[in-house]
Amino acid sequence: MITYLVAAACAVGIVFLAALMTRKAKGVTDDPAPDGPTTGFTGAMLSALFLLAFAIAIVVPWTTNDAARLNTYTESQAVAEAAWAATDLPDAEAAQVQEGLRGYVEFVRGTEWRLMADGRLSQEGWTRLEQIRRDVSAWPAKTTDDKDTQAGVLDEIGEITSARRQRAMDAQAVPPSGLLVVTGVSGLIVLLFPFLAGARPRAMTLVPLGLMAALLGIGMYLTLDISHAFAGSLAVRPDAFTGVLEELQRVSGSG
């Protein structure tokens, strides 16, 4: 942040230095009018800067949300595959693994999903997965087929764990704070620029200015509202885990 402030101060210093150097130069004229070339150029650049920052502030969370949503389906599919792989275990062990997976899914879509809005996952979720892994590893595989089945189930549990780690990263991902600050400050400057330039809007000219202010406010609220993958109007929902519960039920019935 200090670097950004120093860069901004240097840029402002260059402007004032240029103004001093050209003040007494020949062939230059004063430009005090609100609709003069200086104001027109500055207004266009400020608008471009705001639009650039605003676009990035929208695109980055949108992309993050899409990736987070896709990862929830990856994790839920790994749960389903682990349940199917467990059907080759003895009946008692298969039922134990499938019940553990079902409890894990219900916990994720319920208690843990509410925690993810605050950017964190529950330690209990990790404990549940670890317990399933221990149960499978403790099964005394005697034949080669038994060992292959055990390894297959453990591989699928590893896929669940990997996807869960990615979900933990998605829950913590937010746009850079500097980006939101630049978007907010540039939007405020664009809104106040006509007044800063010396214009005094009156009567009907206040209508489009008011509309622009309203749209800027909505835009700024939108950037804050979608800045977290698991909170806000575009939050990722637990649809993937809700859907996999039905498949787990089918797996248990087929076993």
Side-chain angles (χ1 to χ4, degrees), residues 54-87 96-137 150-180 183 221-252:
F54 181 69
I56 296 175
I58 293 294
V59 170
V60 170
W62 203 297
T63 303
T64 301
N65 285 16
D66 283 344
R69 184 176 294 104
L70 179 61
N71 184 66
T72 62
Y73 283 93
T74 300
E75 184 177 356
S76 65
Q77 183 60 34
V79 170
E81 293 297 331
W84 281 111
T87 58
Q96 183 181 14
V97 172
Q98 291 165 0
E99 182 62 28
L101 291 172
R102 186 181 301 107
Y104 171 76
V105 170
E106 291 175 346
F107 172 77
V108 168
R109 66 186 289 269
T111 303
E112 188 166 67
W113 213 266
R114 292 188 290 271
L115 294 177
M116 289 192 299
D118 296 328
R120 57 194 179 93
L121 270 64
S122 172
Q123 183 59 40
E124 182 178 347
W126 297 109
T127 302
R128 286 173 177 267
L129 272 184
E130 184 61 28
Q131 185 59 51
I132 297 173
R133 188 192 303 275
R134 291 177 183 275
D135 291 341
V136 175
S137 298
Q150 185 181 48
V153 176
L154 290 175
D155 286 344
E156 295 300 338
I157 295 175
E159 293 294 328
I160 300 172
T161 303
S162 177
R164 179 179 172 83
R165 290 195 184 98
Q166 182 59 52
R167 179 158 55 85
M169 295 175 61
D170 293 336
Q172 296 176 351
V174 292
S177 57
L179 176 61
L180 296 178
T183 304
Y221 173 78
L222 178 63
T223 59
L224 295 175
D225 187 50
I226 69 173
S227 62
H228 194 284
F230 296 98
S233 57
L234 292 181
V236 178
R237 307 299 178 188
D239 298 339
F241 292 93
T242 300
V244 82
L245 281 176
E246 299 177 2
E247 186 166 359
L248 292 179
Q249 189 65 34
R250 293 196 300 271
V251 173
S252 298

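- The environment of CH2 in Trp62 is sparse: at most 12 heavy-atom neighbours from other residues, nucleotides or ligands sit within 6.0 Å.
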Exercise for review: Kindly determine whether Arg102 and Glu106 satisfy salt bridge (charged side-chain N to carboxylate O under 4.0 Å, His left out), including the steps that lead there.
Suggested key: CA-CA 6 Å; Arg102 186 181 301 107; Glu106 291 175 346; 5.5 Å; no
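- Residues Pro61 and Ala57 come closest through the heavy atom pair CD-O, 2.9 Å.
- Distance CD1/Ile58 to CD1/Ile226: 4.0 Å, rounded to 0.5 Å.
- Val236 and Asn65 make their closest contact through CG2-O, 3.6 Å (heavy atoms, listed as atom of the first residue, atom of the second, distance).
- Annotation: the span from Phe241 atom CZ to Tyr104 atom OH amounts to 5.5 Å, rounded to 0.5 Å.
- Arg109 and Pro238 make their closest contact through CB-CB, 3.9 Å (heavy atoms, listed as atom of the first residue, atom of the second, distance).
- Rounding to the nearest 0.5 Å gives a distance of 12.5 Å between CD1 of Ile132 and CZ of Arg134.
- Put simply, the residue from Arg164, Arg167, Arg165 that forms a side-chain hydrogen bond (donor to acceptor under 3.5 Å, both in side chains) with Glu75 is Arg167.
- Nearest approach of Ala80 to Val244, heavy atoms of both residues: CB-CG2, 3.8 Å.
- From Ile56, atom CD1 reaches atom CZ of Phe54 across 12.0 Å, with rounding to the nearest 0.5 Å.
- Rounding to the nearest 0.5 Å places CD of Gln172 at 11.0 Å from CZ of Phe230.
- To the nearest 0.5 Å, the span separating CD on Gln150 from CG on Asp155 amounts to 10.5 Å.
- A donor-acceptor pair under 3.5 Å is formed between the side chain of Thr74 and the backbone N or O of Leu70.
- Side chains of Thr111 and Glu124 form no contact here, defined as non-hydrogen atoms less than 4.5 Å apart.
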Exercise for review: Determine, step by step, whether Asp66 and Arg69 satisfy the salt bridge (charged side-chain N to carboxylate O under 4.0 Å, His left out) criterion, reporting the C-alpha distance in whole Å, the side-chain angles of both residues, the deciding distance to 0.1 Å, and the verdict.
Suggested key: CA-CA 5 Å; Asp66 283 344; Arg69 184 176 294 104; 3.3 Å; yes
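- Counting only heavy atoms from C-beta outward, the side chains of Arg237 and Thr72 never approach each other to under 4.5 Å.
- The minimum heavy-atom distance linking Ala168 with Leu121 is given by the pair CA-CD1, 3.6 Å.
- Between the side chain of Glu81 and the backbone N or O of Glu156 there is no donor-acceptor pair closer than 3.5 Å.
- Contact record, Leu101 with Val79: CD1-O, 3.8 Å, taken as the closest heavy-atom pair.
- Remark: the Gln166 side chain and the Asp170 side chain contain an N/O donor-acceptor pair separated by less than 3.5 Å.
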Review point. Would Trp84 and Glu247 satisfy side chain to side chain donor-acceptor pair (under 3.5 Å), going step by step from the backbone distance to the final call?
Key: CA-CA 10 Å; Trp84 281 111; Glu247 186 166 359; 3.1 Å; yes
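- Put simply, the side chain of Glu246 does not reach to within 4.5 Å of the side chain of Gln249, judged on heavy atoms.
- Checking side-chain atoms of His228 against main-chain N and O of Ala171 turns up a donor-acceptor pair under 3.5 Å.
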